[in-house]
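Please read the structure below before turning to the comments.
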There are 2 protein chains.
Amino acid sequence: MISVALIEDLKDIRDPLFEFLSFQPEFLCEIKAESVEDFLEKAKGFLPPDVILLDIGLPGISGLGAIQLLKDRWAEVNIIMLTVFDDTEKIFQALRSGAVGYLVKNTPLIKIRDAVIDSYGGGAPLSPEIARKVVRFFESPQNKIDSPLTEKEKQIVAGMVDGQSFKMIAANLGNTIETIKSHTKNIYRKLYVNSKAEVITKSLRGEI
Amino acid sequence: MISVALIEDLKDIRDPLFEFLSFQPEFLCEIKAESVEDFLEKAKGFLPPDVILLDIGLPGISGLGAIQLLKDRWAEVNIIMLTVFDDTEKIFQALRSGAVGYLVKNTPLIKIRDAVIDSYGGGAPLSPEIARKVVRFFESPQNKIDSPLTEKEKQIVAGMVDGQSFKMIAANLGNTIETIKSHTKNIYRKLYVNSKAEVITKSLRGEI
DNA sequence: TATTATACCCCCCGAATGTGGGATTGTGAA
DNA sequence: TTCACAATCCCACATTCGGGGGGTATAATA
């Protein structure tokens with residue numbers, strides 16, 4: 001029997017999911033909580049759970065913050081994030097903190113069941129799009145030998161990463177601000193982005 | 001129809017697996033090769049395959065070396081490694097080179113079929129023990145340094161790094177844009193910066 | 001030679017961001 | 001009980017950014 005706990009604030013998700021999990025013959029579902037605080041309270045007197053399904057967008061202590069907390073308490077527990085967020089930062093923060101799984105919230109119930117079993121068996125259940133992001137992380141930037149950017153464009157990117165405004169970049173490179181903005185448009189087109197923020201992120205992740 | 005190719009030197013594995021895959025109604029299996037060289041020869045005249053199942057222990061060009069080669073030729077191809085090796089080095093080398101999946105060789109046929117579909121759909125099929133190793137890679141050895149930012153502020157920073165506008169961050173976190181702007185002012189004050197760009201740079205350099 | 005591609009330069013406008021004020025609520029520490 | 005401070009919202013205003021144009025010059029290529 002796999003002992004499973006669920007922490008999820010939305011009643012409409014929590015209750016049906018918990019009921020479904022309770023129905024599984026291989027699961028022992030003892031704890032259902034609407035927040036981390038609630039969970040820690042209810043967990044008193046129970047044996048450590050094998051698997052915890054944990055929402056990220058919780059009131060009070062967030063799911064991401066809770067990972068560390070829960071791992072400190074039970075080092076062996078398998079934490080699976082269950083969330084609507086699919087942005088890279090949250091995924092990596094969760095994994096860094098010690099989560100072993102990451103499921104997006106539209107995951108069918110049966111897949112959630114499989115994920116619990118998978119994690120208990122030493123796997124790492126990730127939703128397909130999440131898995132792809134994780135795997136992409138390893139892809140060596142060196143593979144993309146030739147940056148599509150020209151020298152000028154690279155200088156501008158460097159300025160952006162440095163936190164400079166277009167005006168400052170223009171001053172440094174001896175151009176008008178309009179010229180810099182024009183180059184920026186070309187940069188955005190080449191990198192398939194449409195904001196300074198994305199250029200900086202791509203650049204610092206070695207994707208240029 | 002997903003066009004699938006198989007490169008595997010052992011006849012005893014290659015032939016039954018190819019037959020199985022050919023039998024799947026959603027697959028179009030045109031190329032079966034016993035080496036990378038053999039594959040490149042046979043691939044002439046065919047459209048680029050969607051998914052390539054690739055052994056690592058091949059005679060001649062190794063599977064690991066072939067990844068780069070194949071990705072250079074068809075940037076969009078999904079390469080799934082199929083191998084007896086489960087050592088960390090080979091896994092990461094494969095992912096670095098651009099493979100999207102990694103299956104150990106005792107994987108049941110039906111799971112291989114699922115993996116092909118998964119990869120074609122934008123996923124990253126990994127055998128459970130492989131997935132766990134990949135996820136473990138992220139686990140930070142040291143406990144997080146204390147950031148001056150609150151949980152909420154960190155969420156906003158995460159949004160910024162993801163390239164979101166204040167409006168989008170507000171929508172994701174369920175706030176008004178004014179709230180986000182207010183928090184942003186506090187973030188800037190705490191980090192001694194005065195632009196989104198600088199926050200992203202600091203964050204990605206691990207200075208938060 | 002005409003065409004194409006590319007790097008580089010500039011202007012305008014609406015949207016987003018940055019900055020200066022506010023305000024209220026709740027929580028937790030002094 | 002103050003006090004600080006996180007979190008939520010609001011307004012006003014100046015600046016910056018993103019996307020739409022328009023150009024020139026040069027090199028390669030058809």
Side-chain angles (χ1 to χ4, degrees), chain A residues 9 34-38 40-41 56-66 69 145-203 208, chain B residues 144 146-203 208:
Chain A
D9 61 328
E34 61 183 38
S35 72
V36 177
E37 293 85 342
D38 185 28
L40 291 174
E41 185 59 34
I56 283 190
L58 292 172
I61 302 175
S62 90
L64 289 176
L69 210 86
I145 32 173
D146 47 0
S147 165
L149 303 185
T150 67
E151 259 325 297
K152 189 81 177 179
E153 288 164 348
K154 282 187 221 168
Q155 289 174 359
I156 293 171
V157 170
M160 289 183 184
V161 172
D162 237 43
Q164 297 175 36
S165 67
F166 291 160
K167 193 193 274 184
M168 294 195 284
I169 295 173
N172 286 342
L173 300 183
N175 297 111
T176 68
I177 188 171
E178 291 303 329
T179 302
I180 302 302
K181 284 166 68 175
S182 174
H183 284 301
T184 301
K185 279 186 281 191
N186 293 328
I187 293 170
Y188 291 0
R189 184 174 42 75
K190 288 181 182 178
L191 300 182
Y192 305 103
V193 303
N194 46 26
S195 76
K196 219 168 159 175
E198 291 169 279
V199 171
I200 294 171
T201 299
K202 259 191 194 289
S203 174
I208 295 182
Chain B
K144 55 178 185 239
D146 47 6
S147 158
L149 302 185
T150 67
E151 211 33 64
K152 188 76 181 183
E153 289 165 349
K154 283 187 219 166
Q155 291 175 2
I156 293 171
V157 169
M160 289 183 183
V161 171
D162 233 47
Q164 298 175 36
S165 67
F166 290 163
K167 197 192 274 183
M168 296 198 292
I169 295 173
N172 285 342
L173 299 183
N175 297 117
T176 67
I177 192 170
E178 290 302 330
T179 300
I180 303 303
K181 283 172 67 176
S182 179
H183 283 299
T184 301
K185 280 187 268 191
N186 292 328
I187 293 170
Y188 290 0
R189 183 175 41 76
K190 288 182 182 178
L191 300 182
Y192 305 102
V193 303
N194 46 26
S195 75
K196 219 168 161 177
E198 291 170 277
V199 171
I200 295 171
T201 299
K202 260 193 193 286
S203 173
I208 296 183

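The chains referred to below are lettered A, B, ... by the order of the sequence lines, with proteins before strands, and numbering in each begins at 1. In what follows, every heavy atom counts, from backbone to side chain, and hydrogens, waters and symmetry copies are set aside.
- Interface remark: the S182(A) side chain does form a donor-acceptor pair with the dC9(C) base, using a distance-only criterion of under 3.5 Å.
- Under the 3.5 Å distance criterion, the side-chain polar atoms of T201(B) are left unmatched by any main-chain donor or acceptor of D162(A).
- Checking dG20(C), dA6(D), dC10(D) against every side-chain atom of K185(B), the shortest atom distance belongs to dG20(C).
- I180(B) places its CD1 atom 10 Å from the C1' atom of dT8(D), with the value rounded to the nearest Å.
- Using a 4.0 Å heavy-atom cutoff across all strands shown, T176(B) reaches sugar-phosphate atoms only and no base atom.
- In the set dC12(C), dC9(C), dT8(D), the nucleotide with an atom closest to the side chain of N175(B) is dT8(D).
- I169(B) has its CD1 atom 13 Å from the P atom of dT8(D), to the nearest Å.
- Computed from coordinates, the N194(B) CG to dT17(C) P distance equals 15 Å when rounded to whole Å.
- Across all strands shown, K152(A) has heavy atoms under 4.0 Å from sugar-phosphate atoms exclusively, and none from any base.
- Closest to the K167(A) side chain, of the nucleotides dT16(D), dC9(C), dC11(D), is dT16(D).
- When the side-chain nitrogen and oxygen atoms of H183(A) are compared with OP1 and OP2 of dA7(C), none of them lie within a distance under 4.0 Å.
- Here dA23(C) presents its P atom at 16 Å from CD of E178(B), a figure rounded to the nearest Å.
- Nearest to the side-chain atoms of S165(A) among the listed nucleotides dA7(D), dT16(D), dC8(C) stands dT16(D).
- Using modelled atom types and a 3.5 Å distance limit, the side chains of S182(A) and T179(A) yield no donor-acceptor pair.
- Between the C1' atom of dC17(D) and the NZ atom of K181(A) lies a distance of 6 Å, rounded to the nearest Å.
- Within the model, atoms CG of N194(B) and CD1 of I187(B) stand 13.5 Å from one another, a figure rounded to the nearest 0.5 Å.
- Nearest to the side chain of F166(A), among dA7(D), dC10(D), dC17(D), sits dC17(D).
- Between the P atom of dG18(D) and the CG atom of L191(A) lies a distance of 13 Å, rounded to the nearest Å.
- When the side-chain nitrogen and oxygen atoms of K190(A) are compared with OP1 and OP2 of dA7(C), one or more of them lie within a distance under 4.0 Å.
- In terms of modelled atom types and a separation under 3.5 Å, the side chain of E151(B) and the main chain of I61(A) share no donor-acceptor contact.
- Distance, N186(B) CG to dA7(D) C1': 9 Å, rounded to whole Å.
- Residue Y188(B) has a polar side-chain atom (N or O) positioned under 4.0 Å from OP1 or OP2 of dG18(C).
- Listed candidates were dT8(D), dG18(C), dG19(D). Nearest to the side chain of K196(B) is dG18(C).
- Atom CD1 of I180(B) is separated from atom NZ of K152(B) by 6.0 Å, given to the nearest 0.5 angstrom.
- Dashed line: the shortest gap from a side-chain N or O of T150(A) to OP1 or OP2 of dA7(C) is not under 4.0 Å.
- The separation between I187(B) atom CD1 and dA6(D) atom P is 11 Å, rounded to whole Å.
- When all heavy atoms are compared, the tightest approach of A197(A) to G163(B) is CB-CA, 3.9 Å.
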